[in-house]
Amino acid sequence: MITGAEALMLALKNEGVKTIFGYPGGSIMPVYDALYDYTRGEKKAFDHILVRHEQAATHAAEGFARVSGEVGVCIVTSGPGATNTLTGVADAMLDSTPIVVIAGQVGTAALGTDAFQEVDLVGVAQPISKWSYQIRRAEDIAWAVSKAFYIARTGRPGPVVLDFPKNAQVTTTEWQPQHVDFVRSYVPYPKLNETAVAAAAELINNAERPLALVGQGVELGGAHNELIEFLEKSGIPAARTLLGLSALPTNHPLNMGMLGMHGNLAPNIKEQECDVLVAIGMRFSDRVTGQTSKYAKQAKVIHLDIDHSEIDKCIKTDVAVIGDCKMTLPAITRLLKKNEHKEWVDSFKLLDEQEREAVIEPAIHPKEGPLLMGEVVNAVAEATAGEAILVTDVGQNQMFSSRYFKYNKKRSIVTSGGLGTMGFGMPAAIGAIFGAPGRTVCMFSGDGGFQMCIQELGTIMEQQAPVKMILMNNNYLGNVRQWQDMFFEHRQSFTKMMNPDYAHVAAAYHIPYEVVTERADLAAAVEKMLATKGPFILECAIKEDDNVLPMTPPGKSVDEMMLSIDI
């Protein structure tokens, strides 16, 4: 007979968990007491990373999951500890990230009495999680944990929340491992519809101007090789969503760039010219489609997705192939004729050259003036040669870094796509360090996002986590400032920021630091950062009114991208 708290340890061990991010508190103390033995000595099974805020625990779990392909785990206490995780839970839900959040709760006898640090976690988490459940009895722990991991990692991945009342932590139970691989009415991997596969193949074989849109589903399904075989046999040019950027190597000849509001010009224009659009593991986000009433009206749309609810949700589909793209892509590829759309592929190049001349070269190789975000990202990208993991915060830094970074390996971008969570970058980078040990992790942030989770410098200090932090400081909430200048008549309402002296902040946390104010010093500073063992903060003084381009203005169609801003 063991306590429920120790049963949780054994259940997590049974799921292959090795890293836990967390923060202790009153209602989770029995679990942390059990964790004491399981993080040292003969029983050692886990590394526990003490974060400085519960929201950071969820983002760290997300970063861990994104780069490792495993389920990220965090443990927190009840009340504010639990509610602090909700931003991360919502973030993981929108970005299909498998995490399990385990939160303490008051004893079942006190539920509903407004006891100290009581909150209805299951109720508030239900709309923003894949499953939320309260474990009221110690004997249910093995089953509930196994079910939680099964739901989190299968099908379209997502977050699961387990509410763990204190009495279930301290009462005893006989330990019996459980293995859940079936949940009634939950079908994570739909049966392949051969008719739909044949219809998709026929459309592709007869297409003259096909275009593939590659999303994170390829990464989540581990279908990188299957994607390349599909593209190379069909000769279809491909563009990637923000979360799908590392699903296809940057230098692949059929890679036409990034989709979306701040993506590349060519794929956005060509979405409006293609005759067959093949969407693979992406959800037609509004940031990709622009005004949906004008989106790709000329094209037959084939949508490959594991989640049936995404079909026809945003864009009307002609052929839907439901299933894991690791299965659906090869099934379609087998029926394809070997093809080459040379003239169509070559037509992207003129638009590429237009964007390069008008936007890219001025952004990454400016001849004068203050430092620009694009050139800072480009300097780091060239120095890491496409081998590093990119972690971003949210805002202009996110768009610049995702555009100009290079991706040679899978699972190499960690960013908050659907929710756009400022403060995501630093804790997610900590998670990425533990999820992909041995890989270089470069985290880009603006001064706004950097301060939203600045307390996690304490976690980095304690763990000596070798996060390379590139702080692009323009003294503004840059993305909001850009929109205010463009759409609100330059009325810069509360976007100018007074910032701390980051040299002193870095010194307080004993983290090596360098500041770059002159272009001539950038390359050497980047080299020093990458050569330094452990963490490093590289602050770059950025032009205050640097703008992200190209841009599809809100309410416009994707072929109305702006290459310049007249403001």
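Residues: numbered from 1 along the sequence shown.
Side-chain contact of His252 with Glu232: a donor-acceptor pair under 3.5 Å is present, judged by distance alone. For the residue pair Arg439 and Ser412, a side-chain donor N or O sits within less than 3.5 Å of a side-chain acceptor on the partner. Under the 3.5 Å distance criterion, with hydrogens and angles disregarded, no donor-acceptor pair is assigned to the side chains of Gln216 and Ser96.
Glu226 places no side-chain N or O within 3.5 Å of a backbone atom of Pro330 that could act as its donor or acceptor partner. For Gln451 (side chain) and Asp447 (main-chain N/O), a donor-acceptor pair under 3.5 Å exists by modelled atom type. With Tyr404 contributing its side chain and Asn378 its backbone, the two residues share no donor-acceptor pair below 3.5 Å. Remark: the backbone N or O of Met373 is paired with a side-chain donor or acceptor of Asp546 at under 3.5 angstrom. Asp305 contributes no side-chain N or O that, together with a main-chain N or O of Gly281, makes up a donor-acceptor pair within less than 3.5 Å. Without hydrogens or angle criteria, Lys130 side chain to Gly158 main chain gives no donor-acceptor distance under 3.5 Å. Of the possible donor and acceptor atoms, none in the side chain of Gln484 sits under 3.5 Å from a partner among the backbone N and O of His490. Formation of a donor-acceptor pair under 3.5 Å by the Ser445 side chain with backbone atoms of Phe450 is found in this model. Formation of a donor-acceptor pair under 3.5 Å by the Arg209 side chain with backbone atoms of Trp344 is not found in this model. Judged purely by atom type and a 3.5 angstrom limit, Asp393 has no side-chain atom pairing as donor or acceptor with the backbone of Met422.
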Evaluation steps, side-chain contact (heavy atoms from CB on, under 4.5 Å), between Thr87 and Leu419: CA-CA 9 Å; Thr87 296; Leu419 199 62; 4.2 Å; yes
Worked verdict on Ser557 versus Glu560 for side-chain hydrogen bond (donor to acceptor under 3.5 Å, both in side chains): CA-CA 6 Å; Ser557 65; Glu560 296 179 90; 3.0 Å; yes
side-chain contact (heavy atoms from CB on, under 4.5 Å) between Asp91 and Thr97, worked out: CA-CA 8 Å; Asp91 192 278; Thr97 306; 5.7 Å; no
Check against side-chain hydrogen bond (donor to acceptor under 3.5 Å, both in side chains), Ser309 and Asp307: CA-CA 5 Å; Ser309 70; Asp307 186 354; 2.8 Å; yes
side-chain hydrogen bond (donor to acceptor under 3.5 Å, both in side chains) between Thr440 and Glu387, worked out: CA-CA 8 Å; Thr440 300; Glu387 298 296 309; over 6 Å; no
Residue pair Val467, Met426: steps toward the side-chain contact (heavy atoms from CB on, under 4.5 Å) verdict: CA-CA 8 Å; Val467 181; Met426 195 183 298; over 6 Å; no
Gln55/Met452 under side-chain contact (heavy atoms from CB on, under 4.5 Å): CA gap, chis, key distance, verdict: CA-CA 11 Å; Gln55 180 180 337; Met452 277 202 173; over 6 Å; no
Worked verdict on Tyr476 versus Gln396 for side-chain hydrogen bond (donor to acceptor under 3.5 Å, both in side chains): CA-CA 10 Å; Tyr476 271 93; Gln396 287 184 319; over 6 Å; no
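Between Glu62 atom CD and Ile99 atom CD1 the span is 5.0 Å, to the nearest 0.5 Å. Going from atom CG of Leu351 over to atom CD1 of Ile269 covers 6.0 Å, rounded to the nearest 0.5 Å. Note that OG1 of Thr384 and CD1 of Ile389 are 11.0 Å apart. Values are rounded to the nearest 0.5 Å. Considering CZ of Phe400 and CE of Met472, their distance stands at 7.5 Å, rounded to 0.5 Å. Atom CZ of residue Arg403 and atom CG of residue Asn264 lie 5.0 Å apart, to the nearest 0.5 angstrom. A distance of 9.0 Å separates CG in Asn268 from CE in Met258, rounded to the nearest 0.5 Å.
Because its NZ or CZ atom is not both nearer than 6.0 Å to the ring centre of Phe284 and within 45° of the ring axis, Lys313 does not count as a cation-pi partner of that residue.
Across all their heavy atoms, Pro159 and Ile128 have their closest contact at CG-O, 3.9 Å. Between Phe405 and Cys442, the shortest heavy-atom contact is CZ-CB, 4.4 Å. The minimum heavy-atom distance linking Ile322 with Pro190 is given by the pair CG2-CG, 3.6 Å. Considering all non-hydrogen atoms of both residues, Ile311 and Ala320 come closest at CG2-CB, 3.7 Å. Ala429 and Val391 make their closest contact through N-CG1, 3.8 Å (heavy atoms, listed as atom of the first residue, atom of the second, distance). The two residues Ser401 and Tyr407 come nearest to each other via the heavy atoms O-OH, 4.0 Å.
Considering only heavy atoms from C-beta on, Leu231 comes within 4.5 Å of Leu248 through its side chain. Residues Phe230 and Thr328 fail the side-chain proximity criterion, which asks for heavy atoms closer than 4.5 Å. The shortest distance between side-chain heavy atoms of Met486 and Met562 falls below 4.5 Å. Residues Asp286 and Thr292 fail the side-chain proximity criterion, which asks for heavy atoms closer than 4.5 Å. Side-chain contact check for Ile565 versus Gln482: some heavy-atom pair is nearer than 4.5 Å. You'll find the side chain of Ser402 reaches within 4.5 Å of the side chain of Leu245, heavy atoms only. Side-chain contact between Ile332 and Leu304 is present, with at least one heavy-atom pair separated by less than 4.5 Å. Side-chain contact between Phe444 and Val380 is present, with heavy atoms from C-beta onward closer than 4.5 Å.
For the side chain to side chain contact (heavy atoms under 4.5 Å, CB included) criterion with Val558, the lone passing option out of Glu271, Gln291, Lys270 is Glu271.
Other residues, nucleotides and ligands contribute only 12 or fewer heavy atoms inside 6.0 Å of the CZ atom of Arg287. With a 6.0 Å radius and a threshold of 12 heavy atoms from other residues, nucleotides or ligands, Glu357 has its CD atom at or below the threshold. Atom CZ of Phe488 has 12 or fewer neighbouring heavy atoms from other residues, nucleotides or ligands inside a 6.0 Å radius. Atom NZ of Lys233 sits in a crowded spot, with more than 12 heavy atoms from other residues, nucleotides or ligands closer than 6.0 Å. The 12-atom threshold is exceeded at NZ of Lys496, counting heavy atoms of other residues, nucleotides or ligands nearer than 6.0 Å. Other residues, nucleotides and ligands contribute over 12 non-hydrogen atoms within 6.0 Å of the CD atom of Gln298. When the shell of 6.0 Å around NZ of Lys326 is examined, it contains more than 12 heavy atoms from other residues, nucleotides or ligands.
Salt-bridge check for Asp346 with Lys342: passed, with a basic side-chain N closer than 4.0 Å to an acidic carboxylate O.
The aromatic rings of Trp483 and Phe487 lie perpendicular to each other, with more than 60° between the two planes, well past the 30° mark.
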